[in-house]
Amino acid sequence: MPELPEVETVRQELEPWLSGKVIRKAERVDAPEGPKYRGLELASGQTIQAVNRRGKFLLLPLSHGDELIVHLGMTGIISPNDPGKHVRAKLSLSDSEKPFLYFQDARRFGRFLLVKAGDYQTLPTLFSMGPEPLSDDFNPEQFRIALAKSSMPIKTYLLSQKPVSGVGNIYADEALWASKIHPLTPANKVARRQIPLLVQMIKDVLAASIEAQGTTLNDYRTVNGEVGAYIDELKAYGHKEEPCPRCGTAISKIVVAGRGTHFCPKCQKNKDG
Ligand SMILES: [Zn+2]
């Protein structure tokens, strides 16, 4: 599933291609009517002013006061080339080199819709999202206050996007491993001295993954069709029963909030029992 580094990689590729271009026609292709593609056609005739990102959402402000919102879901891929199947949306652009944008999404969890600029009422995750992890708004003081509000397991709370945006399953496991925090530790029981380290590790893991163009487990591809190379850097995620790179103990895998969760039982002690 694309997380922040993957979406940021896509954003960096889309920005020079799409900024300043006119959407000549925006259309749903093999997608039903409904909230996930609501209003898409109204983007026709508008100019794309920028390609921004908030958490795992791509936000494209348009010239007539609207905003195109794209979420890649589980399997969303944006490409200038017609993938031939599972195309849900298509843009025709005022670009002579790459005149079409295809949004392919095999599993149909993605979204490609239009809202009035800044009106995220219909998108609760975006509406109540925590600060951007790579901004100064995400810092130990802010994070300590956010963690104190929840007794959920820290892993579950990170996935909620509320204490900080953009951290999904892979990077939550990696940041908790790097910080030596057990994923089931209640958020409000994370030791005060560990909070600055966890903040720094979330920033470090995400920044390093953006450098590597993200992590490709299955479907994720960059706009250029490349895979993300960060999979080679993962320390805990996907390494069940392999030795922990720090202490050699076999990595454990449990289910937290319905998601496969990897941790080192020796480095990441569950102090809450
Ligand atoms: Zn270990």
Side-chain angles (χ1 to χ4, degrees), residues 1-6 8-9 56 130 133-134 138-144 146-218 220 227-273:
M1 181 177 200
E3 299 186 26
L4 185 145
E6 293 76 43
E8 176 60 20
T9 298
K56 302 183 221 175
L134 297 176
F138 178 53
N139 58 59
E141 294 74 47
Q142 171 275 332
F143 198 46
R144 185 172 55 75
L147 292 185
K149 288 179 185 159
S150 178
S151 56
M152 271 185 215
I154 180 66
K155 164 91 187 247
T156 310
Y157 196 41
L158 288 172
L159 294 182
S160 78
Q161 309 293 298
K162 284 180 182 153
V164 58
S165 69
V167 180
N169 203 35
I170 297 174
Y171 302 107
D173 282 6
E174 291 297 297
L176 291 172
W177 178 87
S179 311
K180 301 187 184 177
I181 297 171
H182 193 286
L184 290 174
T185 308
N188 57 6
K189 296 276 179 61
V190 172
R192 207 174 170 123
R193 60 178 170 72
Q194 285 179 304
I195 291 174
L197 179 64
L198 180 55
V199 167
Q200 195 55 51
M201 291 303 111
I202 288 171
K203 289 177 187 279
D204 286 359
V205 162
L206 293 173
S209 184
I210 291 169
E211 281 291 306
Q213 298 201 310
T215 303
T216 295
L217 297 176
N218 301 300
Y220 162 71
V227 297
Y230 196 71
I231 193 165
D232 298 331
E233 305 298 324
L234 298 176
K235 304 292 194 289
Y237 186 89
H239 289 286
K240 182 187 171 190
E241 291 173 11
E242 293 173 34
C244 167
R246 200 161 39 207
C247 76
T249 304
I251 295 286
S252 293
K253 184 178 179 186
I254 57 173
V255 176
V256 180
R259 309 295 300 276
T261 295
H262 306 74
F263 68 102
C264 171
K266 187 169 178 203
C267 296
Q268 296 166 265
K269 286 265 192 284
N270 188 355
K271 296 185 184 74
D272 207 49

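All residue numbers refer to positions in the sequence shown, counting from 1. Basis for what follows: all heavy atoms, side chains included, without hydrogens, waters or symmetry-related copies. Numbering of ligands and ligand atoms starts at 1, following listing order.
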Within less than 2.8 Å, report the number of protein N/O/S atoms around the Zn ion (ligand 1). 4

Mind checking whether L176 and F263 have side chains closer than 4.5 Å, heavy atoms only? no

Answer whether the closest heavy-atom distance between the side chains of L184 and I254 falls below 4.5 Å.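 Touching, per the 4.5 Å side-chain cut-off.
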
Give, for atom NE2 of H262 and atom CG of D173, the distance between the pair rounded to the nearest 0.5 Å. 6.5 Å

Give, for atom SG of C247 and atom NZ of K180, the distance between the pair rounded to the nearest 0.5 Å. 9.0 Å

Can you label the angle between the F138 ring and the F143 ring as parallel, tilted or perpendicular, going by 30° and 60°? perpendicular

Counting N and O atoms only, with roles assigned by atom type, does the side chain of H239 sit under 3.5 Å from a partner on the main chain of L234, one being a donor and the other an acceptor? yes

